[in-house]
Amino acid sequence: MHSTFYQRCFQIATVAILAFALYEILSPLRSIIGWAAVLAFIVYPLHERLARRLRGRRALSAGILTALTPFLVLAPLSVLGVVFAGQVARLIAYLRGASFPSYTELLDRLSAYPLIGGAVEWVRENAAVSAAEVQGWMTDSVQALLKSAATMGGSVALGIFGTVVGFFMMLFMLFFFLQDGRAMLEGLTRLIPVESTRRAQLVKYLGDVTRAVVYGSAATALAQGVFVGVGFAIVRLPSPVVFGVLATIAAFLPAGAALVLIPAVLGLAFSGRWGAAIFLACWAGALWILENVLRPLLTAHHAEVSTLAIFVGAIGGTAAFGILGLVAGPVLLSFVVALVRFASERLPADA
């Protein structure tokens, strides 16, 4: 008979080796698996309804939804990528050909305003860098950003799923996630070493957190991006699709889509288009109302999610996983916060 110490060491070493091997196998497919899991989570309620309509034939329901995915996902993303790249190219050409006031002229205009004129003069006199240096830095940064965006936008659909082969691998996984996802999840949750009632509470809590992030943050960000793009199109600002996409990404930040709208309002005002500036300012107010109505509506009956977790998760997730990280990052970080809260409920109160 082997000693208990030897058995424990053997078990730990075996688990570590298998975990490392599993990581090496799945790491190249993490983006494909991640998108399949996200899409499966989003369409799973529809899958449940369709399966009931089909008298419990879950495989048929999963097959129908999987077959529709290329038309509902790949086609819109391809169109968006082409339009995005084209509008970025036109925006670069517009910025190169348009005559904008120089940084010095802009400061002169701002100095004429009574409320902020004194502060602008103080900044001009005490700034450590010259106006030419600031203007050159801003011009180079904007052009570099737009060129990178044009390169990314030209292959946005394949940039999300990797390659055409990767896309069809994602569809293959999506089918099985829809068909057998509940059984997979139940099998994994049985491994959690807590009593069954507590385990069911944990699974429900994590599910609520995921729905709150996906429907409350991601869906709200998408709605804000569409709203900003429509506003830009109404006032006839260049490249509304580009700024709509930027607003969608900015919606994950604490300042939200205001990072895109406020510079646009100021730019319209400085160019003398006061009517368009006032309209876009009112449009920004309507966007604020939309966000405060839509987010609670989408997250109704779901868990409360930390704004800090969404912000840090979106930034770090994008750096680690690309576009998928906008959803995966906040979900994973919110999972950690939820697990800490869930575990703290079991701790005894201080006497």
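On a predicted model such as this, the values are computed, not experimentally measured, just so you know.
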Hey, what do you get for [atom1] ([X]) to [atom2] ([Y]), rounding to the nearest 0.5 Å?
X: Leu185; Y: Asp180; atom1: CG; atom2: CG; answer: 12.5 Å
X: Ile234; Y: Arg236; atom1: CD1; atom2: CZ; answer: 11.0 Å
X: Leu26; Y: Leu22; atom1: CG; atom2: CG; answer: 4.5 Å

ILVMFWY cluster, [X] and [Y] together (side-chain gap under 4.5 Å):
X: Val260; Y: Val226; answer: yes
X: Leu46; Y: Leu54; answer: yes
X: Phe71; Y: Met170; answer: no
X: Leu29; Y: Phe20; answer: no
X: Phe168; Y: Ile33; answer: yes

For [X] and [Y], work out which heavy atoms get closest and say how close.
X: Leu178; Y: Ala62; answer: CB-CB, 3.8 Å
X: Pro238; Y: Phe243; answer: O-CE1, 3.4 Å
X: Ala264; Y: Leu237; answer: CB-CD1, 4.0 Å
X: Ala233; Y: Pro240; answer: N-CB, 3.9 Å
X: Leu65; Y: Thr69; answer: O-OG1, 2.9 Å
X: Ala247; Y: Gly225; answer: CB-CA, 4.1 Å

Using links of under 4.5 Å between side-chain heavy atoms of ILVMFWY residues, direct or through other members, which residues join Phe172 in one cluster? Phe175, Phe176
[X] versus [Y]: any side-chain heavy-atom pair under 4.5 Å?
X: Val43; Y: Leu39; result: no
X: Leu68; Y: Ile64; result: yes
X: Gln179; Y: His47; result: no
X: Met173; Y: Trp35; result: no

Checking Trp283 side chain against Phe227 main chain: does a donor-acceptor pair fall under 3.5 Å?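 Yes, because the side chain of Trp283 sits within donor-acceptor range (under 3.5 Å) of the backbone of Phe227.
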Donor-acceptor pair, side chain of Ser61 and main chain of Arg57, under 3.5 angstrom: no
side-chain contact (heavy atoms from CB on, under 4.5 Å), paired with Val265, selected from Leu280, Val235, Ile278: Leu280
Applying side chain to side chain donor-acceptor pair (under 3.5 Å), can you list everything that pairs with Arg182, at least two apart in sequence or on another chain?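 Side chain to side chain donor-acceptor pair (under 3.5 Å) list for Arg182, sorted by chain: Tyr44.
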